[in-house]
Amino acid sequence: MRLTDYFLPTLKEDPAEAQIVSHRLMLRAGMVRQSAAGIYSWLPLGLRVLRKIEAIVREEQNLAGAIEVLMPTLQPADIWRESGRYEDYGKEMLRITDRAERDLLYGPTNEELITQIFRDSVRSYKELPRNLYHIQWKFRDEIRPRFGVMRGREFLMKDAYSFDIDEAAARVAYQKMFIAYLRTFARLGLRAIPVAADTGPIGGDLSHEFIILADTGESEVFCHADLLQRPAPAADYSGDLAAAIAPFTELYARSDEKHEPEVFEADVPAEKRVTARGIEVGHIFYFGQKYSEPMQCRVAGPDGKEIAVHGGSYGIGVSRLVGGIIEACHDDAGIVWPWAVAPFQIGVINLKPGDAETDDLSERLYAALTQKGLDVLYDQRDERAGGKFSDMDLIGLPWQAIIGPRGAAAGEIEIKNRKNGEKQTLDFDAACAMLAGPPTD
RNA sequence: CGGGGCAUGGCGCAGUCUGGUAGCGCACCUGGUUUGGGACCAGGGGGUCGCAAGUUCGAAUCUUGCUGCCCCGACCA
């Protein structure tokens, strides 16, 4: 993409309304614009990141055997009356009336809707297990939206819903999602810690929040240091699932609300105790027959008797992750994108548009990299060098390829690693090879 | 929802206390000089001062009401 043909409204100064670093950087980097409190428009650069995260989430869900659907943002109130949550949900639920005075709502979540779909279509235990997910916008009318897209009212979320014949089977569905989540966050370039979460009225050990570490995170996490080193499990969903997740559940890991200092000190040696701040980016839990009972979602079991199915739900805050990744990956100059979610992997900076040799080398590099299927942003604007460097640092592409008249005359390209700032000068072929993959370190 | 703050050109702000023809920096447009980390000179465009009512000869400024946004707290992917 040529920057001269793109839409990238960067800001030199910090907008007054943004306090938290990710919010400031998203506004300055031209990723989003606020429309109302907690409601954002996604500009091209931000949308690219959102889509990349979404794609990784989708791939890992599919690998784990979940099946994608797409439910609407607006739902009829009736099914929420069936589950009893229409009254319970309170003012967080945005309620809407259509022209025929029918009660609708902008969905804050989709348990009722998916349960309705499932119960109307599935009659036998032979069609279980199933896990259906979608990636859709939700709305929760938060009392106080803040932190940009991290605590918005409208947000993009992946939510999956599992259907099983009994608790033992539901546990398997839960473990699959547990693994998928570990893999998803690792691929996004994040360290996510699963912490035991409140299971509410159901009880049991089947609820975890996934927290990514960031200094500006909202919640405090207490965990064993070794948790931070463990690699995500392989995508082997027919193997021993319990064994695959054991490394992540056997060590102490709790958020501040469930933290017990005595247990922490007893279970974790002093040098292994980690206290950090984090952002909740995923939540999985088993809720049993909470919705299937009141909503009559039943299937015939092997003995012919009808059983209300056992359900679980599994959320990932896709739009929140955009902010969360920035919280975890930035420096004083701007964003530092992980390779997997960078809106473009490489920024080519032509320092002297109009100079024949500089133009020629820049164009050739841009064409060669694009040919390889890489996402390249080519800055050939007639701007000062300083402005281009600052913008490129701000938007945080992993590699910068800088081409000026002196280097161009010698056929040389300067490569800058955005993360550690290291620069090296390479010839054309070596530069192409280097830029084709993520920077090391 | 309780407490606090803000609203003046695209962005950041001054002016409000003490009423008198709306200003600064950046950005933008034109011309020129510049050109490896956010240049310089000259000229120029753009604002019913959040909305409404009131006080006054006169309101960005005083009064009342409303709306929007931000921050702190209790709640959430």
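Numbered from 1 within each chain, the chains take letters A, B, ... in sequence-line order.
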Query raised in the report: Hey, does A/Glu209 reach any base, or is it just sugar-phosphate, or nothing, if we go heavy atoms under 4.0 Å?
Result: nothing
Query raised in the report: Does the ring center of A/His259 lie less than 6.0 Å from the ring center of A/Phe222?
Result: yes
Requested in this report: Indicate yes or no for a side-chain donor-acceptor contact from A/Asp164 to the backbone of A/Glu167 under 3.5 Å, with no hydrogens or angles considered.
Outcome: no
Report task. Verify the contact: side-chain N or O of A/Lys12 to OP1 or OP2 of B/C11, cut-off strictly under 4.0 Å; return yes or no. Result -> no
Query raised in the report: Which value, in whole Å, describes the distance between the C1' atoms of nucleotides B/G37 and B/G50?
Result: 39 Å
**Report entry** Same-atom distance (P) from B/G4 to B/A53, integer angstrom
**Finding:** 29 Å
Query raised in the report: So which nucleotide from B/G37, B/C76, B/C72 ends up closest to the side chain of A/Glu218?
Result: B/C76
Query raised in the report: Can a donor-acceptor pair be found between the side chains of A/Asn350 and A/Thr358 at a distance below 3.5 Å?
Result: no
**Report entry** Closest to the A/Pro15 side chain, choosing from B/G36, B/A77, B/G12
**Finding:** B/G12
Query raised in the report: If you look at every strand shown and take non-hydrogen atoms under 4.0 Å, does A/Glu154 touch a base, only sugar-phosphate, or nothing?
Result: nothing
Query raised in the report: Taking atom NZ of A/Lys419 as the centre, does the number of heavy atoms from other residues, nucleotides or ligands within less than 6.0 Å exceed 12?
Result: no
Query - P atoms of B/G3 and B/C76, separation to the nearest Å - result: 23 Å
Query raised in the report: Can you tell me how far C1' in B/A7 sits from the matching atom in B/G45, rounded to whole Å?
Result: 25 Å
**Report entry** Check: B/G10 base within 3.5 Å donor-acceptor of A/Glu13 side chain
**Finding:** no
Query raised in the report: Under a 3.5 Å cut-off for both distances, is B/G23 Watson-Crick or wobble paired, and to whom?
Result: B/C13
Requested in this report: Output the single nucleotide from B/A74, B/G37, B/C76 whose closest atom is nearest the side chain of A/Ala385.
Outcome: B/G37
Report task. Rounded to whole angstrom, note down the P distance from B/C24 over to B/G15. Result -> 15 Å
Query raised in the report: Regarding A/Thr425 and A/Glu412, is there a side-chain donor-to-acceptor distance under 3.5 Å anywhere?
Result: no
Query - P spacing across the pair B/G46 / B/U35, given as an integer number of angstrom - result: 34 Å
Query raised in the report: Base, sugar-phosphate, or nothing: which does A/Gly315 touch, judged by heavy atoms less than 4.0 Å apart?
Result: nothing
Query raised in the report: Hey, does A/Val281 reach any base, or is it just sugar-phosphate, or nothing, if we go heavy atoms under 4.0 Å?
Result: sugar-phosphate
Query raised in the report: Going by modelled atom types, is there a donor-acceptor pair between the base of B/G12 and the side chain of A/Asp14 at under 3.5 Å?
Result: no
Query raised in the report: Is A/Ala36 touching bases, backbone alone, or none of the nucleic acid, heavy atoms closer than 4.0 Å?
Result: sugar-phosphate
Report summary line: Regarding the side chain of A/Ile143, the nearest nucleotide among B/C76, B/A74, B/C70 is B/A74
Query raised in the report: Can you tell me if the side-chain N/O atoms of A/Arg384 get under 4.0 Å from OP1 or OP2 in B/A39?
Result: yes
Report task. Mind running side-chain contact (heavy atoms from CB on, under 4.5 Å) on A/Tyr174 and A/Leu241 for me, showing each step along the way? Result -> CA-CA 10 Å; A/Tyr174 183 90; A/Leu241 302 176; over 6 Å; no
Report summary line: Between OH of A/Tyr89 and C1' of B/C75 the distance, given in whole Å, is 11 Å
Report task. Determine the contact category for A/Lys91: base if any of its heavy atoms lies under 4.0 Å from a base atom, sugar-phosphate if only primed atoms, P, OP1 or OP2 are that close, otherwise nothing. Result -> sugar-phosphate
Query - Pairwise P distance, B/G23 and B/U16 [rounded to whole Å] - result: 15 Å
**Report entry** Near-parallel close stack of A/Phe155 and B/A77 base (under 5.5 Å, under 30°)
**Finding:** yes
Query raised in the report: Looking at B/G38, does its base get a donor-acceptor pair with the side chain of A/Glu383 below 3.5 Å?
Result: no
Query raised in the report: How would you label the contact of A/Gly148 with the nucleic acid (heavy atoms, under 4.0 Å): base, sugar-phosphate, or nothing?
Result: nothing
Query - A/Phe118/A/Phe163 aromatic ring centres below 6.0 Å - result: yes
Report task. For A/Glu142, answer base if it contacts any base atom (sugar-phosphate contacts may also be present), sugar-phosphate if it contacts only those atoms, and nothing otherwise; contact means non-hydrogen atoms under 4.0 Å. Result -> base
Query raised in the report: What is the nucleic acid contact for A/Leu11, judged by heavy atoms within less than 4.0 Å: base, sugar-phosphate only, or nothing?
Result: nothing
Query raised in the report: Using the P atom in both, what is the distance from B/C1 to B/C66, to the nearest Å?
Result: 13 Å
